[in-house]
Amino acid sequence: MAEAERIIGTPDTPGAGPGPEQRDVRGTDGTDGMDDTDGAGRADTAADAGVSAARPRRRRVAVLFAVAAFAYALDLVSKLLVVAKLEHHRPIEIVGDWLKFEAIRNAGAAFGFGEAFTVIFTVIAAAVIVVIARLARKLYSLPWAIALGLLLGGALGNLTDRIFRSPGVFEGAVVDFIAPKHFAVFNLADSAIVCGGILIVLLSFRGLDPDGTVHKD
């Protein structure tokens, strides 16, 4: 009996062996089983954190492409209507002489500048699209998603004209039709690019980066 108590141990007996909760639990390979469980828990927590961090980025990227698709579709439809209904016709007065719709083919950049550099502007538009796609990988800011979406939609709108309209591939003339008095004629793609650029400048002044961090100079 004494030998049995010595082996099993009791809480009231000094020198008693460790209870089940006190024993050293070892794995079959000699490592601590609790450590293995804790390591797996840490791995699961890290994986969950990675998934949670990726979700906001995916939502911001979705916003970027939704804004871009909307701006691109609006620009494309407006140009199709202008070519079909307004080109080779008299301008339509919207606000007297202050604002008219007048179809013009523009071989230059936004607002009719630089007509001799059509191919260069085409390359620049393509480069802008590539840069925006790279920025989307670390995009966590909603305002930046909207700004980049406007830039992307506008760049795609004018790039489509450069590629598919006459006089040739990468040299096509962009369709412009919004004609304010004493100002250059432009289109909705130009407007999207300018609005996106202004928003980016404002965000930069506020110190907000595309990844959502705010820095102070």
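We use all heavy atoms of the structure for the numbers below, so side chains are in, but hydrogens, waters and symmetry mates are not.
The side-chain heavy atoms of Pro143 and Leu208, taken from C-beta on, include a pair separated by under 4.5 Å. Inter-residue side-chain proximity for Tyr140 and Thr213 is flagged as unmet; no heavy-atom pair is nearer than 4.5 Å. Looking at Arg206 and Val214, their side chains never come closer than 4.5 Å, going by heavy atoms from C-beta outward. Looking only at side-chain heavy atoms (C-beta outward), Leu80 and Val175 stay at 4.5 Å or farther from each other. Residues Leu139 and Asp211 form no side-chain contact, since every pair of their non-hydrogen atoms from C-beta on lies 4.5 Å or further apart. Using a 4.5 Å cut-off on side-chain heavy atoms (C-beta onward), Phe101 and Pro91 make no contact. Here the side chains of Asp75 and Leu156 are not in contact, with every heavy-atom distance at 4.5 Å or above.
Scored by the side chain to side chain contact (heavy atoms under 4.5 Å, CB included) test, Val61 finds Arg57, Phe65, Ala136 as partners (sequence neighbours excluded). With sequence neighbours excluded, the residues forming a side chain to side chain contact (heavy atoms under 4.5 Å, CB included) with Leu199 are Ile146, Ala147, Leu203, listed by chain and number. For Ala155, the side chain to side chain contact (heavy atoms under 4.5 Å, CB included) partners two or more places apart in sequence, or in a different chain, are Val128, Ile129. The side-chain hydrogen bond (donor to acceptor under 3.5 Å, both in side chains) check on Thr160 picks up Tyr72, with sequence neighbours excluded. For Asp97, there are no side-chain hydrogen bond (donor to acceptor under 3.5 Å, both in side chains) partners, not counting sequence neighbours. Glu87 is linked by a salt bridge (Lys or Arg N to Asp or Glu O under 4.0 Å) to Arg105, counting only residues two or more places apart in sequence or in another chain. Leu99 is linked by a side chain to side chain contact (heavy atoms under 4.5 Å, CB included) to Ile94, Val95, Ile178, Pro180, counting only residues two or more places apart in sequence or in another chain. By the side-chain hydrogen bond (donor to acceptor under 3.5 Å, both in side chains) test, Ser166 is found to be paired with no residue, residues two or more places apart in sequence or in another chain being considered. With sequence neighbours left out, the salt bridge (Lys or Arg N to Asp or Glu O under 4.0 Å) criterion links Asp161 to Lys79, Arg165.
Heavy-atom minimum distance, Asn106 versus Arg162: O-NH1, 3.9 Å. Taking all atoms of both residues into account, the shortest heavy-atom contact from Pro167 to Gly172 is CD-CA, 4.0 Å. The two residues Val63 and Ala145 have their closest heavy-atom pair at CG1-CB, 4.1 Å. Nearest approach of Gly197 to Leu151, heavy atoms of both residues: N-CD2, 4.0 Å. Between Val82 and Ala103 the shortest heavy-atom distance is CG1-CB, 3.6 Å.
The same ILVMFWY cluster, assembled from side-chain heavy atoms under 4.5 Å apart, contains both Leu76 and Phe164. Put simply, Ile163 and Ile124 are part of the same group of oily side chains (I, L, V, M, F, W, Y) that touch within less than 4.5 Å, one to the next. Under the 4.5 Å side-chain heavy-atom criterion for ILVMFWY residues, no single connected hydrophobic cluster contains both Val201 and Ile193. The hydrophobic clustering, which links ILVMFWY residues whose side-chain heavy atoms are closer than 4.5 Å, places Val77 and Leu188 apart.
Among pairs with a residue in residues 135-150, none fulfils salt bridge (charged side-chain N to carboxylate O under 4.0 Å, His left out), at least two apart in sequence or across chains.
Looking only at distances, no side-chain donor or acceptor of Trp144 sits under 3.5 Å from a matching main-chain atom of Arg60. Side chain of Asp209 to backbone of Gly212: no donor-acceptor contact under 3.5 angstrom is found.
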- [ ] For side chain to side chain contact (heavy atoms under 4.5 Å, CB included), just list the numbers for Leu148 and Val67, CA-CA rounded to whole Å, side-chain angles, deciding distance to a tenth of an Å, and then say yes or no.
- [x] CA-CA 9 Å; Leu148 294 176; Val67 172; over 6 Å; no
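Chaining together hydrophobic side chains whose heavy atoms lie under 4.5 Å apart leaves Val130 on its own.
Here the straight-line distance linking atom CD1 of Ile104 with atom CZ of Phe186 works out to 11.5 Å at 0.5 Å rounding. Atom CD1 in Ile92 sits 5.0 Å away from atom CG in Leu86 (nearest 0.5 Å).
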